[in-house]
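To keep things clear, I will list the structure first and then write my remarks on it.
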Amino acid sequence: PAQPPPTAMAPHALPVARPHRRVRALCLVGVGGLAAVVLRHSFFSEVTGPTAYVVKGGWQGEPGSLRGVDLEPSVAFPPISYSREGLSLSLEAGHLNADYTTKLDDDTTLNVRVNDEKAWKASLLGQDASLKIRGEAGDLDTIFWEASQDSSVEDVGNVRVEFNSDRNYNLTVTRPLLATIAGAAVDAKVRATNDGVAGHLGVRRSLPKGAELSYSVENPVGVYELGSSKHAGRLSVPVAGGMATLNMEGNAAEQEYRGSYARNVVGGLASFEVTRNDGALGYNVSYARGLEDIAPVDASVHVGADHGGVYGKVAASRTLKNGVDAQYEALARLNLGKEEREAKFMHALKVSNSLGSAQILHGSGEAPRLRLGYEFEA
């Protein structure tokens with residue numbers, strides 16, 4: 001369904017830059033670009049990462065307030081790294097990092113990272129087990145570690161053990177196929193933590209003529225009252241070229257029911273849904289279709305009605321000349337409340353190319369807004 005149009009936003013332009021700020025910005029761009037070039041040519045192919053940096057800026061406000069706006073750019077420099085024989089140095093987000101990676105055997109990899117703030121982390125990763133440690137300099141009080149191990153135990157299932165230096169643990173045992181009873185597949189999962197145990201039991205079965213039925217029950221961690229367990233059931237049946245589905249989930253205190261039917265109609269998708277949640281009934285009837293076969297642009301339409309009112313959405317896009325793209329979108333909704341009827345409408349037109357974009361937006365009860373933005377690699 002169409003969402004209400006956003007509230008009007010006050011213009012928020014960057015302040016006009018003074019000459020010395022502009023000089024500083026240009027110097028920053030020049031120095032950054034020169035550093036990237038020097039590093040690239042010094043280390044040749046051993047330096048990895050993009051050679052360009054991103055320059056971007058933007059503004060939003062009412063079209064009448066555009067005069068005098070300064071679209072001063074912000075520059076995002078790319079990460080630069082040098083690596084050789086397992087050792088690498090990198091500059092990321094203004095920090096220098098040193099990494100060392102080596103394989104201890106065919107299945108185990110050791111990695112150590114230290115940065116210019118003396119923070120470090122190490123990991124030992126194997127095929128079925130892992131150990132991760134992090135800290136700061138030589139301060140033992142900051143050390144934190146976590147470990148995990150996976151295994152498959154005959155007649156038990158897939159076992160995963162996780163624990164850390166805070167003495168938290170998580171033991172999970174999964175049986176994707178516990179048993180087959182009367183053609184139904186039964187699966188199970190048990191998870192034990194510091195806060196208690198949670199169990200999950202599921203049943204699924206294929207029925208004649210493409211129908212499927214599934215049911216599961218799961219208790220919250222550490223809560224063993226049957227009334228607090230979550231039940232979920234689903235029945236899907238092919239009907240008249242479409243699919244009818246009935247879902248139910250909840251516990252003894254509250255339940256939610258959802259029934260739906262969907263099928264392809266005249267090149268689009270028609271759907272109908274009825275819900276019941278905490279005693280409240282709801283419905284939603286909708287039809288969505290692409291218009292590429294009948295319109296000269298890439299377009300789509302979506303219309304519908306629900307318990308709150310009627311709604312619609314139209315979207316279209318097209319590539320113009322010289323690499324320019326145009327996009328248009330319109331959203332509308334009419335709320336049919338018992339006390340008050342309210343209509344809301346919003347539409348937007350955006351024109352863009354590889355250097356930037358301009359977009360104008362207008363919605364019910366607000367002044368038109370203009371968005372300008374640019375982004376390119378230098």
Side-chain angles (χ1 to χ4, degrees), residues 1-17 54-74 76 268-269 271 273 275 277 280 282-292 294-376:
Q3 299 295 324
T7 56
M9 297 180 63
H12 54 283
L14 293 173
V16 177
V54 177
V55 180
K56 61 182 179 181
W59 174 87
Q60 174 177 282
E62 296 183 7
S65 63
L66 181 59
R67 180 177 299 178
V69 170
D70 179 27
L71 297 177
E72 182 176 333
S74 62
L269 180 65
S271 63
E273 182 180 78
T275 61
N277 189 2
Y283 70 89
N284 190 355
V285 183
S286 67
Y287 179 75
R289 188 187 191 282
L291 303 177
E292 297 85 353
I294 60 176
V297 296
D298 185 4
S300 63
V301 61
H302 184 188
V303 295
D306 58 26
H307 52 276
V310 295
Y311 59 88
K313 174 182 176 181
V314 176
S317 62
R318 185 173 184 177
T319 299
L320 307 178
K321 294 182 179 180
N322 301 321
V324 178
D325 296 322
Q327 297 175 321
Y328 176 78
E329 183 178 74
L331 304 171
R333 181 176 181 87
L334 176 60
N335 292 324
L336 302 176
K338 294 181 179 180
E339 299 179 356
E340 182 181 0
R341 294 191 176 188
E342 182 182 12
K344 295 182 179 181
F345 177 75
M346 187 191 78
H347 62 148
L349 174 64
K350 181 179 181 180
V351 180
S352 61
N353 63 9
S354 59
L355 296 180
S357 64
Q359 183 182 36
I360 187 164
L361 307 93
H362 188 204
S364 302
E366 64 177 25
R369 289 175 291 126
L370 179 65
R371 289 177 181 172
L372 299 177
Y374 61 91
E375 181 173 343
F376 58 91

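From a predicted model like this one, the values you see are computed outputs, not experimental measurements.
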Closest approach of [X] and [Y], non-hydrogen atoms and distance?
{"X": "Ala326", "Y": "Leu320", "result": "CB-CD1, 4.0 Å"}
{"X": "Arg333", "Y": "Gly309", "result": "NH2-N, 3.8 Å"}
{"X": "Ser317", "Y": "Val297", "result": "O-CB, 3.7 Å"}
{"X": "Glu292", "Y": "Asp298", "result": "OE2-OD1, 3.0 Å"}
{"X": "Ala343", "Y": "Ser364", "result": "O-OG, 4.2 Å"}
{"X": "Glu342", "Y": "Lys344", "result": "OE2-CE, 3.1 Å"}

Roughly how far, to the nearest 0.5 Å, is the [atom2] atom of [Y] from the [atom1] atom of [X]?
{"X": "Leu361", "Y": "His347", "atom1": "CG", "atom2": "NE2", "answer": "9.0 Å"}
{"X": "Met346", "Y": "His362", "atom1": "CE", "atom2": "NE2", "answer": "11.5 Å"}
{"X": "Asn353", "Y": "Thr319", "atom1": "CG", "atom2": "OG1", "answer": "12.0 Å"}
{"X": "His302", "Y": "Leu331", "atom1": "NE2", "atom2": "CG", "answer": "11.0 Å"}
{"X": "Ser286", "Y": "Leu269", "atom1": "OG", "atom2": "CG", "answer": "7.0 Å"}
{"X": "Thr275", "Y": "Tyr283", "atom1": "OG1", "atom2": "OH", "answer": "11.0 Å"}

Please test Tyr328 against Arg318 for side chain to side chain contact (heavy atoms under 4.5 Å, CB included), starting from the C-alpha separation and ending with a verdict.
CA-CA 9 Å; Tyr328 176 78; Arg318 185 173 184 177; over 6 Å; no
Residue of the set Val285, Leu334, Val303 for which side chain to side chain contact (heavy atoms under 4.5 Å, CB included) holds with Val310
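When side chain to side chain contact (heavy atoms under 4.5 Å, CB included) is applied between Val310 and each of Val285, Leu334, Val303, only Leu334 qualifies.
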